[in-house]
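In what follows, chains are A, B, ... by sequence order, proteins preceding strands, each numbered from 1. Hydrogens, waters and symmetry mates play no part in the numbers below; they use all other heavy atoms, side chains included. Note that the structure is a prediction, hence the values are computed from the model and not measured.
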Amino acid sequence: MGLDVSYAKATNQVCAAAVVIELESLAVAEVATVLGEVAFPYVPGLLAFREAPILLEALQGLAHEPEVLVCDGYGIAHPRRFGLACHLGVLTGLPSFGVAKTSFIADFVNPDRRRGAWSPLKEGGETLGRAVRTQDGVKPVFVSVGHRIGLDQACDMTLRLCPRYRIPEATRQADVASRRVLRTTGRSGGAPSGASESR
DNA sequence: GCGACAG
DNA sequence: ATCTTGTCGC
């Protein structure tokens, strides 16, 4: 299950999407979206306060019970050791982990160039996550556990969700869905604030 | 004090 | 996150 939030440029409209993906085929099983308005500013380290509320709303619009939450951001690899993925995991009781696109925790060694290579993301003596290369020669993503899952498992799943793109398929689909709704909602697609579609 | 800083 | 056209590459 992938989650993502998109923001409108001129408006304070936001759209959260929760997409259920079949682990075997990576086919989209269900998409739930929710429209809302910005209720909290972006503050590095406090992303969960901005995105968790509306993401939880999107999750409630789902018919499926997700096995695991793949979040766009950090889990434990966070200044307070409690990023968005941790919040969502604890709040839902579901296993969760985060896959961030950029580094927040300073030091890490660049993984080998090939897909599947990784290096530890550590601070002091503790390992907070991993920089994982999901495609040959592309920038690594930063994986960290959120709730009820191990780092090995989180990284395995990340690679399984990235057979072709740098970003996990679940997250990618949530990104596509959320921005499509925002684009389609510009004064014409007078749809309600919540929607869901299964397959 | 200064810079960096998930999305 | 979002603003943006073409362009280089598989």
Have a look at [X] and say if it touches a base, only the backbone sugar-phosphate, or nothing, with a 4.0 Å heavy-atom cut-off.
{"X": "A:Gly45", "result": "base"}
{"X": "A:Leu46", "result": "base"}
{"X": "A:Tyr42", "result": "base"}
{"X": "A:Arg179", "result": "sugar-phosphate"}

Rounded to whole Å, how long is the line connecting atom [atom1] of [X] with atom [atom2] of [N]?
{"X": "A:Tyr7", "N": "B:dG7", "atom1": "OH", "atom2": "C1'", "answer": "6 Å"}
{"X": "A:Leu88", "N": "B:dG7", "atom1": "CG", "atom2": "P", "answer": "14 Å"}
{"X": "A:Phe104", "N": "B:dG7", "atom1": "CZ", "atom2": "P", "answer": "10 Å"}
{"X": "A:Asp175", "N": "C:dA1", "atom1": "CG", "atom2": "P", "answer": "7 Å"}
{"X": "A:Ile167", "N": "C:dA1", "atom1": "CD1", "atom2": "P", "answer": "9 Å"}
{"X": "A:Lys139", "N": "B:dA6", "atom1": "NZ", "atom2": "P", "answer": "11 Å"}
{"X": "A:Tyr165", "N": "C:dG9", "atom1": "OH", "atom2": "C1'", "answer": "14 Å"}
{"X": "A:Asp72", "N": "B:dA6", "atom1": "CG", "atom2": "P", "answer": "12 Å"}

Handout entry: Qualifying side-chain hydrogen bond (donor to acceptor under 3.5 Å, both in side chains) pairs, either residue in residues 165-174 of chain A, two or more places apart
Key = A:Glu169-A:Arg172, A:Glu169-A:Gln173
Handout entry: Flag side-chain contact, heavy atom, 4.5 Å: A:Arg50 against A:Val14
Key = no
Handout entry: Under-4.0 Å side-chain N/O to phosphate OP1/OP2 contact, A:Thr102 with B:dC5
Key = no
Handout entry: Distance test, side-chain N/O of A:Lys101 to OP1/OP2 of B:dG7, below 4.0 Å
Key = yes
Handout entry: A:Glu126 CD: over 12 foreign heavy atoms closer than 6.0 Å
Key = yes
Problem - Exercise: identify the closest heavy-atom pair between A:Ser144 and A:Ile76 - result: OG-N, 3.7 Å
Practice task
Can you label the angle between the A:His87 ring and the A:Phe49 ring as parallel, tilted or perpendicular, going by 30° and 60°?
Solution key: perpendicular
Problem - A:Phe142-B:dA6 aromatic stacking (under 5.5 Å, under 30°) - result: no
